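So the structure is just underneath, and the comments pick up after that.
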Amino acid sequence: MSTLTLSNAWLALQDHQSVMAQQHLHELFTRDPKRFNKFSLKFNDILMDYSKHPICPETISLLLALARQQELEDWIERMFRGEKINNTENHAALHSALRAEHPVVLDGVDIMPDVRRVLTQMEQFSTCVRNGTLKGYSGHPFTDVVNIGIGGSDLGPVMVTEALKPYGSNHIIPHFVSNIDGTHLSTTLRRLNPETTLFIIASKTFSTQETMANARAAREWFLAHGGSKKDISGHFVAVSTNREEVEKFGINSDNMFELWDWVGGRYSLWSAIGLPIALAIGMENFYSLLIGAREMDQHFITTPLEKNLPVMLGLIGIWQINFFGTRSHAVLPYDQSLQRFPAYLQQLEMESNGKSIDRNGNEVDYSTGTVVWGESGTNGQHAFYQLLHQGTQIIPADFLVPCISHNPIGDHHRLLLANFFAQTEAMMRGKSKNEVRAEVEVELSTSSITEEPFKKLLPYKVFPGDRPTTSILFKQLDPKTLGSLIALYEHKVFVQSVIWNVNPFDQWGVELGKQLAGKISDELEQETQITSHDSSTNGLMNYFKANR
Ligand code: F6P
């Protein structure tokens, strides 16, 4: 057994779970009309309600005791002061410096002048592209920007540009190519004119297979469609830590936006990786995004744990995963603009905390990261909510909801919000047998139909309820609020990593597949039969060879 699962705080929570598991959420609300006030927090325009979880004041005290036992406050300080808490890669995790205002010292040097230098470079570049002073090789202003990157060099910028479309200009259209599947690049380029297309090659390492293959193919397309070699420097820019490889590719240093090894890929949208965001919505709006994140950083550092949004969001997750045994977590934005938020969170949460070896090199004996998935409302309602309401698994869900829509047509927003309120209430309350029976009796008394068919359907119409949800409401999805929301989840992930004693900033688990793919790619070049793998892999590869 690990020290964590043998600790007093852990054992106390286990005992407490057996008490809380006996009580239906609806009962908790009936007994205490003040639950909402007790279990909701506000930060600027954001309201987070976690009262629809099986918690009581004692649960919170016990979870806070666990957080203190795991020295959460100390870890928060260590992260912000630039300690090398990414111990397996010997790096600091200083994404907060990308949105800081004050000096941040790393290895005795203030890194903020570098951060500001790159922000200024982004500002000058994006302004010139947006106002048309920087032009393509034929003298026409740029109209399209293609970001070629994957994982953290793609998901954040994709999500943010989609979310902040109302702040975008309609003369610069962002496109994103990530997949090694040629369809992604081909279908994107098919619609574009090389004379007015700008490419951003975004890769922290500048060695990622997918990105480099797509970047080379984009360069070939550019040369084959009218661009010349000397025009490449005006149409291709790079975001990377790897100056040497960027230059080898043919992009000169002036067109490179620097990144640093103290920024993790999935935490990098605040850096020059956010260049497509700045190009799409302008630097003023990009700065507002940073301000929103900075304000959440300040809140995270200075607010007592029990009033701290990322801390409470993280601890509620721990309560569900480790004590109620939930295995998956739904993220349900009731905002079409946030449709890519679940995909973004998948990398943030699953690549960060999908770990089974702790910081001391020991295998853990408790669950860590959970499966994150989701879909924007109300589409999800017509797809998978059946399982959320009446399935055999309990799946906690986060609802993200704006009070004001950017597209207020008809009564759409009222209907959307009505659905959100209804779903979280239904998941909490459910509908008992007696309630179904009472409804049936009313129907029977007002019609001539017989009772028999109703009796048969009765069990299907019962909803168990007791399904936990967290609701995060905000005034409107503007750049600042989005910055705060993203930082909220970044810090939530950190809180959970501290409780689980895992390093959320490495990703060794992605290496094996990459390594094998390299070898297999060589084998696929040959026409010979494959015999060097297990029978399944051999069989699959040989079928492919016979049918390609
Ligand atoms: O998927 C593994 C990973 O290393 C991610 O952590 C990272 O965001 C992505 O690949 C892309 O890496 P790079 O920016 O170096 O191309």
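Starting from 1, each residue takes its place in the sequence as its number. Keep in mind that this is a model prediction, so the values were computed, not measured. Each ligand, and each atom within it, is numbered from 1 in the order the structure gives.
At a 4.0 Å cut-off, at least one heavy atom of Gln347 sits close enough to ligand 1 to count as contact.
In terms of polar-atom proximity, defined here as any N/O pair under 3.5 Å, Thr211 makes no such contact with ligand 1. Checked by distance only, ligand 1 and Gly152 come closer than 3.5 Å through their nitrogen or oxygen atoms.
For Trp75, the ring-ring contact (aromatic ring centres under 6.0 Å, His included) test picks out no residue, with sequence neighbours left out. For the salt bridge (Lys or Arg N to Asp or Glu O under 4.0 Å) test, residues two or more places apart in sequence or in another chain that qualify with Arg548 are Glu527.
With a 4.0 Å cut-off on non-hydrogen atoms, Gln507 touches ligand 1 through its side chain and not its backbone. Within the 4.0 Å heavy-atom criterion, both parts of Thr205, backbone and side chain, lie near ligand 1.
Taking 4.0 Å as the cut-off between side-chain N and carboxylate O, Asp297 and Arg294 do not count as a salt-bridged pair.
Protein heavy atom at the shortest distance from atom 1 (O) of ligand 1 is Glu351 OE2, 3.2 Å. Nearest protein heavy-atom contact of atom 12 (O) of ligand 1 is Thr208 OG1, 3.5 Å. Closest to atom 4 (O) of ligand 1 among all protein heavy atoms lies Lys514 NZ, 4.0 Å.
Using the six-membered ring where Trp is involved, Phe222 and His235 have ring planes that are tilted, between 30° and 60° apart. Below 30°, between 30° and 60°, or above 60°: for Phe384 and Trp373 the angle between ring planes is above 60°, a perpendicular geometry.
Using modelled atom types, one finds a donor on one side chain and an acceptor on the other under 3.5 Å when comparing Asp231 with Ser228.
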Working for side chain to side chain donor-acceptor pair (under 3.5 Å), residues Glu523 and His533 = CA-CA 11 Å; Glu523 290 170 337; His533 298 264; 2.7 Å; yes
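For atom 10 (O) of ligand 1, the protein comes within 4.0 Å by no heavy atom at all.
Within ligand 1, the atoms closer than 4.0 Å to a non-hydrogen atom of Ile150 are 9 (C), 11 (C), numbered from 1 in the order shown.
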